[in-house]
Amino acid sequence: MSKWPTSPPSRRKVLQVAGLSALLAGCGTGPVSRGTQEIAFWHLLTGGDGERMNEIVTKADADMPRARIKQVVLAWGAPYYTKLAMSAAGGRAPDLGIAHMSRLAGYAPGGLLDPWDLDRLARYGVGQSTFTAPAWKSSIVNGKVYALALDSHAFVTFFNTDLAQKAGLLDSGGKLPQVKSLDDMKRLGREFKKVTGKQYGLAYGFLGDGAQLWRLFWTFYGQHGATFDLAGDRFVYDAEAFGESVETMRRLVDGEVASTSAEYATASSAFLNGDVGLVFSGVWELPQYQDAKMPLGAMPIPNMFGTGIDATWGDSHTFVLPHQSNPDEARRELAYEAVSKILKGSLPWGRAGHTPAYQPVVNTPEFRALRPNNDYAVTATYLHYDPPSSFTGSGSNFMTQFGSVIQNALIGQTSVKDAVADFAERVNVLMSKAVKR
């Protein structure tokens, strides 16, 4: 699985048709009744996320007598981003849109988005101090803020607390033993195997899924203090950190505590069925685990390299202003107000597993009472977004390229060294065609 969240095909079909109909009819065209402005809001949130967003928007609507927020839901991934770009380039942009933070570098430099006015935002209680440092820093392109984060969604470790209890692994606070090395992690997996009597103790679905491979790699690579430089003419990276990160992934899935060939769905099912005690997955999976009434705990993916650096892969859904050549200033003002109300009312978004980006919400007793959400919420303060480029980010070909090469190293079809070199050459090709940030 390479996206989030999943949703039943029938619901997705309905939402796509509705969204396309609205697109063809034209959006953000002005008032719907005397004294009321319509705010066209495009997003790609379906399933449980779509339902929660509708709950939040409905509440914001009720608090805005001068406006109606019209949601237009489009197909996840490339179809959505293509339509968003075309609307901005063609002068038919909506008033608001959702974009992943990791896609910002492909949109802001090309004039497809308008920057947020910080003074205007301040009037609604929104600004740098209301977001985490990673979210705010990543929203800035060429000195201007182009995105306001709704959330952070990270790659974390979920665990079955009943199995952990039976294995004698939990301390008085319900926490697992501290993991400081790969050996520690594998030892933990073996303890779960003893309790279940099954073949594996840890689930990690990666087969045929470049996004899953990237998420764990970028977590490990970030824990080395390393990053990618995609701004020049050639790909710059830390070869030692790259190799050690992939080698650690390979040793995790060597068939001892984790499968050598698990797909995303297989790993999720194994965890849901209690066949394994641990799973590496995204926080967007929390609702399905809770719906299954699982005894559930969670923690950030531990640093196994002795560097002491907290890092995890993550992304954010963000609010953006698709470019309008001649924006209606009254409607744009209402768009600012609408975003502020959605951010301030984003506690239900936390129940979906995401960590709300608006810090006054995160600091409420209501959010702090959410478990296991609050046990991994700290990841928002050290989230590592994808390296900025026009070809990286959620649902991008960059992740596909990464997966097609690195998977071969994990399943033993090529060496780690050769896989790293192969990927580097592929990135050089992508960079030669990239839009510079």
Does a side-chain N-to-carboxylate-O contact under 4.0 Å join [X] and [Y]?
| X | Y | result |
| --- | --- | --- |
| Lys194 | Glu191 | yes |
| Asp375 | Lys175 | yes |
| Arg190 | Glu256 | yes |
| Asp254 | Lys186 | yes |
| Asp422 | Arg426 | yes |

Over all heavy atoms of both residues, which pair between [X] and [Y] is shortest? Give the atoms and the distance, please.
| X | Y | result |
| --- | --- | --- |
| Leu74 | Tyr80 | CB-CD1, 3.7 Å |
| Met185 | Pro302 | CE-CG, 3.6 Å |
| Ile342 | Ala60 | CG1-CB, 4.1 Å |

Between Trp313 and Arg215, is there a cation-pi geometry (under 6.0 Å to ring centre, at most 45° from the normal)?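 Cation-pi check for Arg215 and Trp313: passes.
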Whether Arg123 engages the ring of Tyr336 as a cation-pi pair (distance to the six-membered ring centre under 6.0 angstrom, angle to the ring normal within 45°) should be assessed.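 No, cation not above the ring by the 6.0 Å, 45° rule.
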For the residue pair Asp418 and Ser415, confirm or rule out a side-chain donor-acceptor distance under 3.5 Å.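 Yes.
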Could you work out, with side-chain contact (heavy atoms from CB on, under 4.5 Å) as the rule, every residue matching Asp184, not counting sequence neighbours?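 Val179, Lys180, Ser181, Arg187.
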I'd like to know whether His43 forms a ring-ring contact (aromatic ring centres under 6.0 Å, His included) with Phe41, so could you lay out the CA-CA distance, the side-chain angles of the two residues, the decisive distance to 0.1 Å, and finally the verdict. CA-CA 7 Å; His43 63 77; Phe41 173 34; 5.0 Å; yes
